[in-house]
Amino acid sequence: MARRYAARVRLATWNINSLKVRIDRLREWVDYAAPDVLCLQETKVADDAFPALTFAEWGYETVHHGQGQWNGVAIASRLGVTEVVHGFAPGIEPDVDARLVTATCGDMRVMSVYVPNGRAVGHEQYHYKLVWLDRLRAHLDAVAGPDDPVVVAGDFNIAPADRDVYDPAAFVGETHVTDDERERLVRLHEWGLVDLFRVAYPDADKVYSWWDYRRGDFHQGRGMRIDLALGSRAVAQGVDYALIDRHARKGKLPSDHAPMLIDLTL
DNA sequence: ATGGTAGAGCATCTA
């Protein structure tokens, strides 16, 4: 259906690191931030344990793609949830894990992604990460076009540039910062996606979305910006505001990731 | 000091 007027949309993404443990904190943040579309990662629940009725009480339609103990991704939307694809589109080698779910929310084609961690450079899981990102690019071609309003949001487990890492020297030879991983992000840029946080803040540094639980890293400012919202041109040109909400990383039982929100005019 | 914490779930595995 043709769009008749500009719509303001608040998009959010959060690696919640267990929906079961974090449901009250999530409710608190949703009340505060009131996103229209919310991408979640690491729900760590099976589909039959996903609290869809709770989200419905909050005013959200949901789709969840989970497996139980690990991984699990969801999209919660006040703008509808249609044209759902669980995992990679048909024709692409299926994923062994639940790391991707796609839905149309309002006018946007939305993907919630939990990119494999990679564990260590050269590890079998690192190879899986790189191949997974190649498959994500193929998936984009299958479910959307670069001229559509498209958003790919989630935990990419890649810091796009050195300024997205608290100490680049500390990560030499580690995952999340290698040329091979960053090249996969460049390929997504070549498809037509841009880093929406950078649209709002082209030069900001020391802005992170994840801090290791250990060693007091959050309080010492040792973080990385690895949670990204990538958007096509139709989305990027409408970015009004972006925020990585560090306050949600504080207090009792925080996720190790902060949520990010992006305000758009579509 | 090759450490530390957190979540799954009950011995470790994953991050």
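Side chains are part of it too, since the values below use all heavy atoms of this structure and drop only hydrogens, waters and symmetry mates. Here is how names work: the chains are called A, B, and so on, in the same order as the sequence lines, proteins then strands, and each is numbered from 1.
- Atom CG in A/Asn117 sits about 11 Å away from atom P in B/dT14, given to the nearest Å.
- Computed from coordinates, the A/Trp70 CH2 to B/dG9 C1' distance equals 10 Å when rounded to whole Å.
- The CG atom of A/Leu19 sits 14 Å away from the C1' atom of B/dA8 (whole-angstrom rounding).
- Near DNA chain B, defined here as any heavy-atom distance below 4.0 Å, the residues from residues 21-30 of chain A are A/Val21, A/Arg22, listed numerically.
- For the pair A/His257 and A/Asp212, nearest-nucleotide mapping onto DNA chain B gives the more 5' position to A/Asp212.
- For the pair A/Tyr114 and A/Pro254, nearest-nucleotide mapping onto DNA chain B gives the more 5' position to A/Pro254.
- At a threshold of 4.0 Å, the pair A/Asp263-A/Arg10 counts as salt-bridged, since one of the basic side-chain nitrogens sits closer than that to a carboxylate oxygen.
- Residues passing the salt bridge (charged side-chain N to carboxylate O under 4.0 Å, His left out) test with A/Arg135, sequence neighbours excluded: none.
- Ranking B/dG9, B/dG7, B/dA15 by closeness to the A/Asn17 side chain, first place goes to B/dG7.
- Within the structure, every side-chain polar atom (N or O) of A/Arg214 is placed at least 4.0 Å from both OP1 and OP2 of B/dA6.
- When rounded to the nearest whole Å, the span between CG of A/Asp256 and C1' of B/dA8 equals 14 Å.
- Atom CZ of A/Phe218 sits about 13.0 Å away from atom CG of A/Asp212, to the nearest 0.5 Å.
- With salt bridges taken as basic N to acidic carboxylate O contacts below 4.0 Å, one links A/Asp134 and A/Arg187.
- Remark: A/Arg137 engages no residue in a salt bridge (charged side-chain N to carboxylate O under 4.0 Å, His left out) (not counting sequence neighbours).
- Across the protein-nucleic acid pair, A/Asn71 atom CG and B/dT14 atom P stand 11 Å apart, rounded to whole Å.
- Between the P atom of B/dT14 and the CG atom of A/Asp97 lies a distance of 10 Å, rounded to the nearest Å.
- Residue A/Arg215 has no polar side-chain atom (N or O) positioned under 4.0 Å from OP1 or OP2 of B/dG3.
- For the pair A/Ile16 CD1 and B/dA6 C1', the interatomic distance rounds to 14 Å; values are reported in whole Å.
- Note on A/Ser18: every side-chain N or O is 4.0 Å or more away from OP1 and OP2 of B/dA6.
- At whole-Å resolution of the value, OH in A/Tyr213 and C1' in B/dG4 are 14 Å apart.
- Using P as the reference atom, B/dA1 and B/dA11 are 34 Å apart when rounded to the nearest Å.
- Salt bridge annotation for A/Asp164-A/Arg225: present, with a cationic side-chain nitrogen under 4.0 angstrom from a carboxylate oxygen.
- Contact annotation for A/Phe218: no contact, since no heavy-atom pair falls under 4.0 Å across all strands.
- For the atom pair A/Phe156 CZ and A/Tyr114 OH, the distance stands at 13.5 Å (nearest 0.5 Å).
- B/dG9 and B/dA15: their P atoms are spaced 15 Å apart (whole Å).
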